[in-house]
Each structure stands twice: as C-alpha cells, then as structure tokens.
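Since we're looking at a predicted model, the values are computed, not measured.
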Amino acid sequence: MQALDHLRLDALPVSDLVFRQFACRVVSELARSAGIHSGRAEESFLDMLMAATRSGDPAMLSQVHDEMRRRRISAEQVTDIYFPCVIEAIGNAWHNAELNILEATVALSRLQVLLREFGHAWLSDRAANGGTGCVLLILPPGEQHCLGAMLAANQLRRLGVSVRVELLADAGAIRDLMSRKRFNAVFLSVSNHDAIATSAGLVKCIRDAAGRRMPVVIGGGIVARDAPESRMQRIANMTGADLATSDVRVALDFCGLQKLRLAAE
C-alpha cells in the first residue's frame, strides 16, 4: 500500500474503547483457529468490516461480531484474510480521493487497535511455549507504516516464534542489538520501493554482524502475494536478502524455524 506509506499511524493517539471492547468480545466469545489462514475474502463481509472500520460505529461493529458468529469466522481468519484487503481498500480510497488523509489515518489506526488486542490474546496463548526460535523483525528507516510489520509479528507469535520488533532502527542500532542478543533469523518489513537502498544497507550491516549464516528475509507490501518468482528474486537480489516472500510460513521453513516449532510441539 505504497500510497499511504508516509502516514504516521503512531502520531495519532488511539483510545477507541469501542474497538477494544469489540476485540475482547471476539477473542472471548467466538471460535478460535490454529495456524495461518489463506483464501479469498468474502465480499459482503469484507464490505461490512470496511464500513465499520471507516465509521467507528458501534452498531456496525456489533453486526460484524454477529456475522462472524453466524459464519464461524475467527479473529485469526479476519486478521490473515480480511485485514490485508481492508488496508489495501483504505489505501485505494485515499488515493482516489474518496477518503482524506485524516479519515484514512483514523481507519488504519482502528485496525491497529484490533490487531494489537488480538495479538495480546495470541501472545497469552503461546506464553508457555518456549524454545521455538527468535526472529528480529525490522521496519527500516523511511518506512512510516507499521501495520504490515504488526501483522507479521502477530502471525509469527501465533505460530509460537518469539519476535523482537525494531521500528525505524538504523544500522548502528541494529549492529548494537545483534552484538547483545541472539537471533535465529532477521525479517525486514518493506512496502516502499524508496526503502530498497536503506534495506540493502541494513542487510549488509546484518551480514557484517552475523555473517552469511544468519538468514535474512524481505517481506511486506513490496512483495505482492501473486508476484512472479522472478520479481521476488529481483527484490532479494537488490537488498542482498536470502529470500523475498509474503508468507511467514515459507519464511520460517526457509530459515529452519518451522521444523524447530514443530519439534517444540
């Protein structure tokens, strides 16, 4: 969603109690599901979720909750399948002047609230699971979105992987962190093509600190789900990463962490 890369979601304080209450109802009352979900978003439910996100109307959120119950849609499915579609739709609406910058920012911040509250539940679910590896997830300087990184972090934690998130950290900060902490892999969340050069610099810093043995994966909006393999490889080559993918399961398998996770279970 490059059109909204410059929006500072963290600059807008979010205290939307209605969305927090909705998230709590979802995780406590509705069915839970395991793993990471994929599939096609159902249009009518997507429109309902989009309308609730844009309006913040409690009545619309109640309809979303009821529809989730009726269709047996879990919070995990909403996050994995519907959130990316809503994020893209908000970006397109802003780009087409259907939303102004404040309306788009508020809508995205509401998604951020939901994702954070869902994430607290998933983290609690996995609190007793240890020994499944640790990933350093970096949002490079020049990237001012955070939802993509939050989505990836929550999916990884749901799979039982420990995640250290570093937002807008420069090469010096990453070098210092890697000298003090041990990681099994490094993931970079990138959506803006302008951040390619910065990402390449961070990858070089990681290589200098940890050598070639440290797997480095590029993900985020820059790696479209349906992108051809040649484009994925080109992004990996441009940044110096070992792999470019939009699928955290593929990334974990490449880094050997999927096997580590299964062994821990």
Considering residues at least two apart in sequence or located in another chain, which fulfil the side chain to side chain contact (heavy atoms under 4.5 Å, CB included) criterion with D176?
-> S179, R180
Identify, with sequence neighbours excluded, every residue that meets side chain to side chain donor-acceptor pair (under 3.5 Å) alongside R213.
-> none
If you measure from CD1 on I81 to OG1 on T79, what distance do you get to the nearest 0.5 Å?
-> 10.0 Å
Mark yes or no for whether Y82, through its side chain, and E42, through its backbone, hold a donor-acceptor pair below 3.5 Å.
-> yes
4.5 Å side-chain heavy-atom contact, C255 and L243 = no
Which residues pass the side chain to side chain contact (heavy atoms under 4.5 Å, CB included) test with C24, sequence neighbours left out?
-> none
Whether N184 side chain and C134 backbone form a donor-acceptor pair below 3.5 Å = yes
Is the shortest heavy-atom distance from the side chain of L252 to the side chain of L156 under 4.5 Å?
-> yes
Taking side chain as C-beta onward, heavy atoms only, is L46 less than 4.5 Å from V86?
-> yes
Does the side chain of V113 reach to within under 4.5 Å of the side chain of R110, using non-hydrogen atoms?
-> no
Cut-off 3.5 Å, no hydrogens considered: what does the side-chain donor-acceptor table look like for residues 51-62, sequence neighbours left out?
residue : atom : partner : partner atom : Å
T53     : OG1  : L49     : O            : 2.8
S55     : OG   : A51     : O            : 2.9
S55     : OG   : D57     : N            : 3.1
D57     : OD1  : A59     : N            : 2.9

Given D253 and R249, is the salt bridge (charged side-chain N to carboxylate O under 4.0 Å, His left out) satisfied, shown in steps?
-> CA-CA 6 Å; D253 187 56; R249 294 164 298 188; over 6 Å; no
Under the side chain to side chain donor-acceptor pair (under 3.5 Å) rule, collect the residues that match up with R234, sequence neighbours excluded.
-> none
Applied to residues 58-78, the ring-ring contact (aromatic ring centres under 6.0 Å, His included) test, sequence neighbours excluded, yields none
Taking the side chain as every heavy atom from C-beta outward, state whether R207 and V216 have any pair of such atoms under 4.5 Å apart.
-> yes
For residues 150-172, pull every pair meeting ring-ring contact (aromatic ring centres under 6.0 Å, His included), keeping only residues two or more places apart or in separate chains.
-> none
Evaluate the side-chain proximity of S191 to E143: yes if any heavy-atom separation is below 4.5 Å, no if none is.
-> yes
Value rounded to 0.5 Å, distance of CZ in F183 from CG in L137 = 10.5 Å
Go through the structure and list residues passing side chain to side chain donor-acceptor pair (under 3.5 Å) with D194, not counting sequence neighbours.
-> none
Across all chains, not counting sequence neighbours, the side chain to side chain contact (heavy atoms under 4.5 Å, CB included) partners of I73 are F45, M68, R71, Q77, V78
Which pairs with one or both residues in residues 150-170 pass ring-ring contact (aromatic ring centres under 6.0 Å, His included), sequence neighbours excluded?
-> none
Within a strict 4.5 Å, meaning less than it, do heavy atoms of the I222 and M238 side chains meet?
-> no
Only pairs at least two apart or in different chains count here, so list each side chain to side chain donor-acceptor pair (under 3.5 Å) that has a residue in residues 166-175.
-> R164-E166
A251: what forms a side chain to side chain contact (heavy atoms under 4.5 Å, CB included) with it, not counting sequence neighbours?
-> F187, V217, T245
To the nearest 0.5 Å, tell me how far T239 OG1 sits from K204 NZ.
-> 14.5 Å
Non-hydrogen side-chain atoms of I90 and M50 separated by less than 4.5 Å | yes
